Amino acid sequence: MSLIFCLYTSDHMCCKIYTIIIVDLEQAGIIMGRSGFGRIRAYSALIFRPEGRMVLQTISDVGFMFHVFVLGVQVDPTMLRRAGRNAVLIGVSSFVMPFALGGLACYVLPHLTVIDDATAHFLPLLSVINSASFFPVITSLLSDLKILNSEIGRIATLASLVNDGCIYAASILLTTIDASSSYSKWNGVMAIAWIGTFLIVIVFAVRPLVKHIARTIPERGAMKESHFLMIAVLALLCGFVSQSIGQPPAVGTFILGVVVPEGPPLGSSMVYKIDSFCTGLLLPAKFAISGLTLDIFSLGRGKSLLGVEAVILLGYLGKFAGTLVSAVHFAVSFQDAVPLALIMCCKGIIEASFYIGLKDTGAITSEAYALLLITMLVITGIVRPLIWYLYDPSRRYLGYRTNSIQHLDPTSELWVQVCIHNEDNVPSLVNLLDVSNPSRRRPIAVFVLNLMELKGSAAALLVPTHNRKGKPKLKSLPSRTEHISNAFNILAHRNHGSMVVQHFTSIVPYATMHDDICTIAVDKGVNIVIIPFHKQWAIDGTVGANFPAIRMVNQQVLHKAPCSVGILVDRGQLADNTQILFGHSLFRITMLYLGGPDDDEALAYCCRMLGHPHITMSLVWLKHSSDNIEKSMESHMIQWFKANNVDAGRVSYKEEVVNDAVGTTQVLRSLEDSCDLCIVGRDHEQSELTLGINEWIECPELGFIGDMLGTSDYSFSLLVVQQTPPGTEFINIQPLQPVASSFYSGSGKYSQHSASESHKHDFTVQQTRVTRLCRTKNIITVNGQFPGPTLTVRNGDTVVVTVVNRASYNVTIHWHGIRQMRTPWADGPEYVTQCPIRPGGSYTYRFTIENQEGTLWWHAHSKWLRATVYGALVILPKQGSNFPFSLPQKDFPVILGEWWNRDIIAVQRQAQFTGAAPNNSDAYTINGQPGDLYRCSTQGTVKYSVNPGESILLRVINAALNQQLFFSVANHMLTVVGIDATYNKPFTTNVIMVGPGQTTNVILTANQSPRRYYMAARAYATVGNGQFDNTTTTAILEYKNLNSGANSRPSLPQLPAFNDTATATAFANRLRGVPNNNRVPNQIDENLFFTVGLGLVNCTRGPRCQGPNNTRFTASMNNISFVLPRRTSLLQAYYQNIPGIYTLDFPRVPPVQFDYTGNVSRGLWQPRFGTKLYKLKFGSNVQIVLQDTAIFSTEDHPIHLHGYHFWVVGQGFGNFNAQTDTANFNLNDPPVRNTIDVPVGGWAVIRFVADNPGVWLFHCHIDSHLAWGLAMAFIVENGIGEKQTMEPPPPDLPQC
């Protein structure tokens, strides 16, 4: 046995780089066995004596039994309850596919090649064993590769556990069938009965006993030796019983291990006591024996060599294919699915033990045993380094960038993640958050990550500590978890309304702990991660404890974190909260500033602390004596600090001029007696101020200044801050799937143009004097027309519109709903795709209509000018095509709008100044006219003249600034045939609801008695207790050759009540797309969840704070209120790589989950502000859940996506539930839109394919909401080749 260990050790040192331990063990046995030295007779007679082999076999069996018992202890059976449907089906398919291929080979091979009877008998068993991916093997491999807590690591863990269940069920079934066929059918029944009895005894008798033992052990205490011996005897007994009922002994010990509670105190104690002895001493013998008995030279003697190897290889192929296909089907990217499939193909100690057992019992031949073992060694040895090469778990967050503190709005919410390694970290972190000065004006969201080393368990864990009801997510979490949660919850309660706390627990190996830290940082979009230093100080100022593993975690976080990082060195001052909480004495904070981005970030954090009543703040700026820095050269953070230095008694600023590092050291020494907490940046440029200090650093993670301050020479606490350099978000690329673009067409009177034309128009934006509602005033129009000119084009035509700005305001024109394929420069939203056209300037919009037919419109996209600057855009079918309905005799645009008696820009400015809701409109309009229900409006009322029996196509467009509208025609039914330039399955209704930005094509048949009938529109208003314009606009449908009543009052339609959500919902639910519109993507690459709603910003009572309860209105998506840039447009910044214009950290899911449509905490009412974008890979399939919120009030939000059409696959009320609502998605005939009305207090789900490169705005089409920030933007990257690449900017593109 000593020789085995010597050979194993030497061989292991050579092979560790590319394979796992089992490979090394078996290679040691192969070298010594019949394939190596064992072929020498003298050596074989000396080494392989029968009595010695029996001893070695016994030792190896006992060692393996206890090793498998340890593996069972590390299994948490409750994981199966947490396994999602995807992981379960991946696990099942990874068993079914290789089993099916193996079974097929067993049936086919005897007809293709020579297979002896013995081989044909065990081939089915071979296909079952080869379908295995045993949980202990997979988790050991994942741990060895340091990907146990990665995304695919967690999937592989759960899938392998499911696979284990399938294997055990299949093996029992085969054993029963074999017993029934070999003896009698009752033997099979008895076998199942004995197995069931064994399981019942284990679960209902042994398990309570083991749990009782576990409860007697203190959480941090040691188990008694008597308890250890009792469980060890139970393990041996279970092995004996398992073998007695026809199962391998290891199965019984494994089942016993599963019922032993994993983790501390019992599970980890058993693992600690057994693992080192069995794994290090006894286990090698088991696998050395597998190598000793392997005779490679026997392979050439078998007749069925090719058949056996074919079944084995087909098993591996089926395992790979089954895992890969199912993973890709369940939205795992192909780039991640390949290493996942390779992981599931790996074999190890459990499989090898099965091979040995089957060979020893004669179930398989020596030839099959040799092939199984050699194939396993080769494939596992190749696959392991391949997985390491293909999969890097850190790519999920590497290159991803969240907002740094210094780039936040001073009044926006600060998102902080704090990491806890032990309870000693809690007081200092709680008090650091307290001095961060949370307030209603500057709230703080805290994400507490409780970090624990993985001990006594095989599976890593990252879960919210509590469920939505506030109860513990897992009952098995240590009691320290609840203590930590309570401490931070008390802090949040003390700062109610200005701080929210969310708790997470991570149980992982130290080697990969940084992955969970960075994952939470990315998912929650935090601004800074606070991590404790790896050293803890004793009362006398010396180092009391040193944790090298924590230091390794900190170094990895500093290297890979997607946000700023702070390392907290606590020496006791922060742990004592009496100064901070009660102010018995002021807590003294000093910011040491030398310059650079890290110091700027540290200073920005200090600025958040200003105003705390119980602290003093000192800024010390170290400058070289030769520096002559003018004010204009000062850091903007220094300038901001000095400008806000309003309390000279508690805030001070001092410039320390020094000549060299000696002077720097003297300044640092001077802080000793005047500082409780020193804050400093990590990295600084080399200069004479630091020359010599940086030559020797004990702790590089603190930087050379922080390293000096972190020594025992100083007694104050220290916070070292690092700002992560700007980067870009990384998103997995997926195969290109083009968006559906097949639409029906029409002919007849519309067939007069050529197949494709270029339409050139001149738009002059100018002031025009008009009279409405008894008043005459100037408005902004195009070409003096209100509404503006209607553009009529065909699908495939090119449009060229030159806009000349003769008005006094900046202006842009947006072509609402036009795909703008490869021409984002013509899309038009101000500061998104272009800078505005200044007064006196011009710009030419050029774009082609591609695969769109129906009704769209154009409007100003600058300020609120679209109140009067808008017009219809009619897209006719290509020549020779047909409508999907009978050709109408007449075609009328019906443009619904709003009218203000005041100047619209004055209305906007007043709302922006006061922070309150804007004044309501004074009227609604149809084609620019209010209608004769308003004063002084009879003369201009729009009239549509029709002949009896004619069919009329009404193109209804809602151009209203801020209001959804119901529309109806008295006594006439409307057949809906199109929405947003797409066709739908026709249906008939008497009323339609059109949201701002939406268009609806309806066919009306003039089949009533020849009279005059009103068509009318009025508000659908959903905001609770909100004011709105409760008037009705009308036009007149007038039959020609009236028999009587030419001057009588027209009939008025029965419009729904303003809050009739049931009617609006019924209309939306009847919309269905036509088949050619629907190639809905089933595989989703980007699964996004956006909350949409209003909010309030706290402010000081005054003229600029006239919202509800002295606040200002705001709005947001995912709690981010969108801020437009001013220096340049987002598209120009992206195209020209201009830094500092935007960030790529828009959260893919809400940073804080809550009851979205319930009673929302006031702490969630105030969003963060920023210009945050989300990047999409070209061709990715995107799903977005749009969830309305009850922040301030629920409301129906019309959300418009520029540059795209999308499928509306689902809508509903309440909070979206992915588990239940997804099953009801309409993937067969969903409607296609460019603007979706998110139901009031509900949700909508859309899907699209990102096939149009550029920067595309995604926003609420209620302009007051857009001005408040209810928007974000997508960047869609270029694809491959010219047709997937956006065009360069035109030469006349306006400049900011």
Side-chain angles (χ1 to χ4, degrees), residues 763-773 775-790 803 805-816 828-830 836-837 857-873 893-913 917-931 934 937 940 942 957-965 994-999 1017-1019 1021 1027-1029 1031 1033 1198 1200 1235 1259-1268 1270:
F763 278 12
T764 300
V765 181
Q766 62 189 52
Q767 280 195 351
T768 303
R769 199 159 183 81
V770 299
T771 300
R772 298 289 189 275
L773 304 183
R775 297 186 180 186
T776 301
K777 70 167 188 174
N778 288 326
I779 63 172
I780 305 300
T781 66
V782 168
N783 297 348
Q785 303 176 38
F786 176 53
T790 295
V803 178
N805 187 4
R806 301 298 184 198
S808 56
Y809 304 108
N810 292 342
V811 72
T812 64
I813 300 296
H814 168 54
W815 313 94
H816 187 107
E830 181 182 47
I837 307 170
W857 62 302
W858 57 265
H859 60 81
H861 213 300
S862 184
K863 298 183 173 64
W864 288 5
L865 293 178
R866 80 169 179 88
T868 56
V869 180
Y870 59 80
L873 176 54
V894 181
I895 309 179
L896 311 178
E898 286 181 279
W899 174 267
W900 278 262
N901 285 329
R902 289 186 62 197
D903 177 74
I904 190 60
I905 299 302
V907 174
Q908 178 189 13
R909 287 173 176 170
Q910 179 185 7
Q912 290 176 333
F913 178 83
N919 292 341
N920 294 324
S921 59
D922 298 290
Y924 299 114
T925 62
I926 295 179
N927 290 356
Q929 295 291 344
Y934 295 89
S937 302
V942 175
I957 302 167
N958 187 348
L961 211 62
N962 296 321
Q963 192 63 63
Q964 292 89 348
L965 295 167
V994 193
Q998 292 182 333
T999 69
R1018 77 174 181 190
Q1027 297 181 352
F1028 63 97
D1029 181 359
T1031 61
T1033 181
H1200 172 51
T1235 305
H1259 67 96
C1260 181
H1261 218 272
I1262 295 176
D1263 271 27
S1264 59
H1265 294 182
L1266 174 59
W1268 290 337
L1270 212 169

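In this text, all values refer to a predicted model and were calculated from it rather than measured experimentally. The analysis underlying the following values was restricted to heavy atoms, covering all of them including side chains, and did not include hydrogens, waters or symmetry mates.
- Under a cut-off of 6.0 angstrom, the local environment of CZ in Arg902 is crowded, with over 12 non-hydrogen atoms contributed by other residues, nucleotides or ligands.
- For the side chain to side chain contact (heavy atoms under 4.5 Å, CB included) with Phe786, the lone residue among Asn927, Val869, Thr781 that qualifies is Thr781.
- The closest donor-acceptor contact from the side chain of Asn958 to the backbone of Gln963 lies under 3.5 Å.
- The minimum heavy-atom distance linking Thr1235 with Gln998 is given by the pair O-NE2, 2.8 Å.
- Between the side chain of Tyr924 and the backbone N or O of Asp1029 there is at least one donor-acceptor pair closer than 3.5 Å.
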**OP:** Could you walk me through whether Lys777 and Asn901 pass side-chain contact (heavy atoms from CB on, under 4.5 Å), step by step?
**Re:** CA-CA 8 Å; Lys777 70 167 188 174; Asn901 285 329; 5.7 Å; no

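- Counting heavy atoms from C-beta outward, Ile905 and Leu865 have side chains that approach closer than 4.5 Å.
- Rounding to the nearest 0.5 Å gives a distance of 8.0 Å between OG1 of Thr768 and CG of Asn778.
- Side chain of Asn962 to main chain of Ser1264: a donor-acceptor pair is present (N/O by atom type, distance under 3.5 Å, no hydrogens or angles).
- For Phe1028, the ring pair (Phe, Tyr, Trp, His ring centres under 6.0 Å) test picks out Phe1058, with sequence neighbours left out.
- Aromatic pair Trp858/Phe763: centroids less than 6.0 angstrom apart.
- A distance of 12.5 Å separates CD of Gln785 from OH of Tyr870, quoted to the nearest 0.5 Å.
- Residues forming a ring pair (Phe, Tyr, Trp, His ring centres under 6.0 Å) with Trp900 (at least two apart in sequence, or on another chain): none.
- Although no hydrogens or angles enter the test, the distance criterion places no donor-acceptor pair under 3.5 Å between the side chain of Asp1263 and the main chain of Trp864.
- With hydrogens and angles left out, the side-chain atoms of Ser862 and Asn810 include no donor and acceptor closer than 3.5 Å.
- The two residues Gln929 and Thr1033 have their closest heavy-atom pair at O-OG1, 3.6 Å.
- Proximity of a side-chain donor or acceptor of Asn805 to a complementary backbone N or O of Ile837 within less than 3.5 Å is detected.
- Just one of His1259, His1261, His861 meets the ring pair (Phe, Tyr, Trp, His ring centres under 6.0 Å) condition when paired with His814; it is His861.
- Taking each heavy atom of Ala807 and Ile780 in turn, the nearest pair found is CB-CD1, 3.9 Å.
- From Trp899, atom CH2 reaches atom OG1 of Thr925 across 9.0 Å, with rounding to the nearest 0.5 Å.
- Here the straight-line distance linking atom CG of Asn919 with atom CD1 of Ile904 works out to 9.5 Å at 0.5 Å rounding.
- In this structure, Ser937 and Gly931 approach most closely via the heavy-atom pair CB-O, 3.1 Å.
- Annotation: the span from Arg1018 atom CZ to Leu965 atom CG amounts to 11.0 Å, rounded to 0.5 Å.
- Between Asn783 atom CG and Arg806 atom CZ the span is 12.0 Å, to the nearest 0.5 Å.
- The backbone N or O of Gly997 sits less than 3.5 Å from a side-chain atom of His816, completing a donor-acceptor pair.
- Taking both residues in full, the closest heavy atoms of Val811 and Ala860 are given as CG2-CB, 4.3 Å, listed atom of the first, atom of the second, then distance.
- Taking both residues in full, the closest heavy atoms of Arg866 and Ala959 are given as NH1-O, 3.0 Å, listed atom of the first, atom of the second, then distance.
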